[in-house]
**Student:** 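Below you'll find the structure I mean.
Remember, it's 1-based here, ligands and their atoms both numbered in the order they're listed. One-based numbering along the sequence shown.
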Amino acid sequence: MDASNSTTPKLKVAICGGGVSGLFLAVALSRCAGIQVDVYEAADQFKEIGAGIMIWARTWWILESLGLGPAFSKIAHAPPDGSIETGFNFRRSDQAQEGFCFQMVRMPYGCVRFYRVSFLDVFIDALPENVAHFGTRLVSYSQEIGRGVNLSFADGSTATCDIFVGCDGIKSCIRGQLFREVSERSGNSDLLKFVDPVWTGTIAYRGLIPVERLPPHHRSIVEPMMYCGKSKSLLQHVVSYSISAGSVVNVVTFASEPQNEGKPYKEDTWVSHCPQQELLDCYAHWEPEVEQLLSQIENPTKWFIHHLRPLPFYVDGNVALLGDACHGMAPHEGIYAEYCTGAGAGQAIEDAYILASLLEQVSKETLPIQSTLPCALKAYEVIRLPFANHVLQGSYDSGLMYEFDNAEYGDNYEVLGPAIEKQWHWVEDPSPQVERLRALECFKDLIS
Ligand SMILES: Cc1cc2nc3c(=O)[nH]c(=O)nc-3n(C[C@H](O)[C@H](O)[C@H](O)COP(=O)(O)OP(=O)(O)OC[C@H]3O[C@@H](n4cnc5c(N)ncnc54)[C@H](O)[C@@H]3O)c2cc1C
């Protein structure tokens with residue numbers, strides 16, 4: 001994308017939310033000529049939680065295409081050279097007495113891991129001055145089709161823009177307003193089920209451990225691990241891997257009650273601190289290696305893992321949803337060597353990459369934006385919605401497979417391994433480059 005010196009923007013884009021998705025979109029758009037971008041963030045600064053994050057090679061390619069490769073290489077735990085082999089190990093805690101049952105599925109997909117705070121810092125450093133507006137909590141928006149969007153914030157201030165992008169996370173108030181309005185306009189009350197996230201039935205405990213607290217031979221330091229197991233009442237698995245140049249071990253444990261999937265979202269139980277004993281009790285029957293790991297997490301956080309029902313659309317008029325706001329998902333579709341993490345941030349970056357490419361094209365067209373902008377948003381939805389919804393659903397299904405709760409495969413390794421491998425086919429095909437070209441073609445077709 002071209003560097004911009006333009007002072008009279010053709011297109012004004014407002015972004016609500018400065019997480020991974022909002023920041024990446026802002027950085028990408030700030031490099032396009034003719035586009036003015038503003039980020040409205042409710043908090044008084046950009047912030048991330050202290051934990052690990054993993055991205056696939058396809059996301060890495062997007063970051064590089066924006067010139068961010070060198071900055072991310074400095075903080076990446078496994079700098080990508082295109083040759084990284086990823087695989088998957090099962091380890092069944094219920095067979096610990098008999099020795100470990102073990103199976104490897106090889107997958108040739110490269111990926112990279114980071115400390116989350118450092119990951120966000122790269123975007124923050126790449127953001128031009130005067131783009132971010134802190135302490136601006138969006139309360140509502142209004143739009144007259146073809147005449148832009150008006151924004152209202154909690155402090156009484158207002159703003160206007162040509163296009164408004166909701167990057168305000170899985171609890172998105174913009175998604176709420178959008179689906180309520182379309183539901184009312186169309187008389188389709190079924191759409192209201194997309195307003196709130198729902199519980200996946202899974203609880204996660206998360207913690208970071210300085211490596212010096214673990215014995216040097218502990219497997220979680222040496223290699224990324226996923227321990228799988230089944231207890232009497234809960235399905236469980238435990239993921240660990242080192243980040244920050246190997247100085248810290250990131251641990252996420254999962255305990256599921258799939259019969260509770262779809263229960264309504266409860267604000268008060270979403271994320272909280274919990275006593276270490278609660279975590280230890282939950283995994284008390286696990287093998288000593290896991291118990292030893294968990295006993296070093298002094299201040300675990302407890303997460304009720306929510307996701308969205310796959311949305312039927314992302315756009316209404318000049319308002320679009322992006323990132324967790326439109327596909328908040330369970331964190332089970334990222335994988336590196338033997339560990340699994342999420343794919344939500346990677347999908348958010350893909351959304352932003354496609355939308356930024358389309359908006360750049362809008363700014364280059366000689367036609368009035370009132371006619372081209374709706375076509376660009378339609379093309380964004382056509383390309384991104386089916387793909388992201390596929391990852392969302394696959395992410396939930398993969399979690400069940402790791403906990404041997406898939407009706408077809410159960411804990412039969414012979415069939416489960418290949419079935420899990422199939423879950424990852426989206427990682428290689430189609431590439432973001434191909435998706436971008438498809439989006440631009442779709443846009444051209446729509447405006448002609
Ligand atoms: C346990 C776990 C592990 C994960 N691991 C990975 C991983 O390894 N790899 C991966 O790709 N993904 C992973 N994910 C998913 C990933 O964290 C999310 O997909 C990603 O952070 C979403 O980014 P976002 O910018 O869309 O939303 P958020 O990060 O939630 O950002 C939303 C922003 O909007 C702001 N905001 C909210 N409401 C308003 C308002 N009304 N006005 C103004 N601002 C507002 C918030 O303050 C916040 O800054 C994981 C998730 C979990 C739960």
Side-chain angles (χ1 to χ4, degrees), residues 14-26 38-49 51-56 58-60 62 77 111-116 119-120 123-124 132-141 151-155 157 159 164-177 197 200 202-207 224 239 241 243 250-254 270-271 301-308 321-336 339-352 388 391-392 395 399 427:
I15 298 170
C16 179
V20 168
S21 51
L23 280 177
F24 180 78
L25 181 65
D38 291 279
V39 179
Y40 297 98
E41 168 54 51
D44 54 10
Q45 58 179 343
F46 296 125
K47 54 182 175 220
E48 254 297 354
I49 56 159
I53 190 164
M54 182 284 311
I55 57 163
W56 289 102
R58 57 185 295 128
T59 310
W60 176 266
I62 295 175
H77 189 57
C111 66
V112 200
R113 51 198 153 121
F114 305 88
Y115 180 53
R116 266 178 183 262
F119 188 76
L120 205 72
F123 293 136
I124 295 168
H133 309 277
F134 296 107
T136 47
R137 176 172 292 282
L138 184 97
V139 179
S140 65
Y141 64 83
L151 314 179
S152 303
F153 299 99
D155 63 2
S157 60
F164 183 41
V165 189
C167 298
D168 52 340
I170 191 169
K171 300 177 193 171
S172 173
C173 72
I174 300 165
R175 182 184 67 248
Q177 181 175 340
T200 56
T202 296
I203 293 172
Y205 296 93
R206 300 176 88 170
V239 174
Y241 56 91
I243 54 170
N250 180 64
V251 184
V252 194
T253 73
F254 299 93
W270 194 287
V271 182
T301 47
K302 179 179 177 180
W303 294 58
F304 278 69
I305 302 293
H306 286 68
H307 63 174
L308 296 183
L321 301 170
L322 191 147
D324 272 15
C326 54
H327 48 64
M329 60 183 76
H332 304 304
E333 280 242 319
I335 189 164
Y336 172 73
Y339 77 90
C340 289
T341 60
Q347 285 302 293
I349 288 170
E350 288 194 37
D351 292 343
V391 181
L392 188 165
S395 210
V427 173

**Student:** Taking N or O atoms only and a 3.5 Å limit, does A42 qualify as a polar contact for ligand 1?
**Tutor:**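 N/O-N/O distance under 3.5 Å: yes.
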**Student:** Could you tell me whether some N/O pair between V20 and ligand 1 is separated by less than 3.5 angstrom?
**Tutor:**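 Yes; the residue has a nitrogen or oxygen that sits under 3.5 Å from a nitrogen or oxygen of the ligand.
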**Student:** Test L308 against R175 for side-chain contact (heavy atoms from CB on, under 4.5 Å), laying out the working first.
**Tutor:** CA-CA 11 Å; L308 296 183; R175 182 184 67 248; 3.6 Å; yes
**Student:** Which of the numbered atoms in ligand 1 are below 4.0 angstrom from a heavy atom of Y40?
**Tutor:**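 Near Y40, the atoms of ligand 1 are 43 (C), 44 (N).
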**Student:** N/O of S21 under 3.5 Å from N/O of ligand 1, yes or no?
**Tutor:**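 Yes, since at least one N or O of S21 sits under 3.5 Å from an N or O of ligand 1.
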**Student:** With heavy atoms of A343 as the reference, note each atom of ligand 1 found under 4.0 Å away.
**Tutor:**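 Result: 10 (C), 11 (O), 12 (N).
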**Student:** Looking at ligand 1, does any of its N/O atoms fall within less than 3.5 Å of an N/O of I55?
**Tutor:**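 Among all N and O atoms of I55, none is under 3.5 Å from an N or O of ligand 1.
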**Student:** Does C167 reach ligand 1, in the sense of a heavy atom lying below 4.0 Å from it?
**Tutor:**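 True for this residue.
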**Student:** Ligand 1 and A345, any nitrogen or oxygen pair closer than 3.5 angstrom?
**Tutor:**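 The answer is yes, given that A345 and ligand 1 share an N or O pair closer than 3.5 Å.
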**Student:** Could you tell me whether F153 and H133 have their ring centroids closer than 6.0 angstrom?
**Tutor:**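 They do not qualify: ring centres at least 6.0 Å apart.
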**Student:** Would you check whether T136 reaches within less than 4.0 Å of ligand 1, judged by its heavy atoms?
**Tutor:**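 A heavy atom of T136 does come that close to ligand 1.
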**Student:** Under 4.0 angstrom from ligand 1, any heavy atom of R116?
**Tutor:**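 For ligand 1, residue contact (heavy atoms, under 4.0 Å) with R116 is present.
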**Student:** Closest heavy-atom contact between C16 and L138?
**Tutor:**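 Closest heavy-atom pair between C16 and L138: SG-CB, 3.8 Å.
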**Student:** Do any N/O atoms on E41 end up under 3.5 angstrom from N/O atoms on ligand 1?
**Tutor:**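 Looking only at distances, the answer is yes, because the N/O contact criterion of under 3.5 Å is met.
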**Student:** I'd like to check which ligand 1 atoms, numbered from 1 as shown, lie under 4.0 Å from a non-hydrogen atom of G323.
**Tutor:**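 Going through ligand 1 atom by atom, the ones under 4.0 Å from G323 are 26 (O).
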**Student:** Just heavy atoms, cut-off under 4.0 Å: does R206 contact ligand 1 by side chain, backbone, both, or neither?
**Tutor:**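 Side chain only.
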**Student:** Within a distance under 4.0 Å of any heavy atom of C173, pick out the atoms of ligand 1 and give their elements.
**Tutor:**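 Listed by number with element, the hits are 41 (N).
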**Student:** Could you tell me whether ligand 1 has any atom less than 4.0 Å away from a heavy atom of M329?
**Tutor:**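 In this structure, M329 fails to qualify as a contact of ligand 1 - no heavy atom is under 4.0 Å.
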**Student:** Any nitrogen or oxygen of G346, side chain or backbone, less than 3.5 Å from one on ligand 1?
**Tutor:**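 In this structure, G346 places an N or O atom under 3.5 Å from an N or O of ligand 1.
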**Student:** Should one rank C16, A43, G169 by closest heavy-atom distance to atom 30 (O) of ligand 1, which comes out on top?
**Tutor:**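 The residue whose heavy atom sits nearest atom 30 (O) of ligand 1 is G169.
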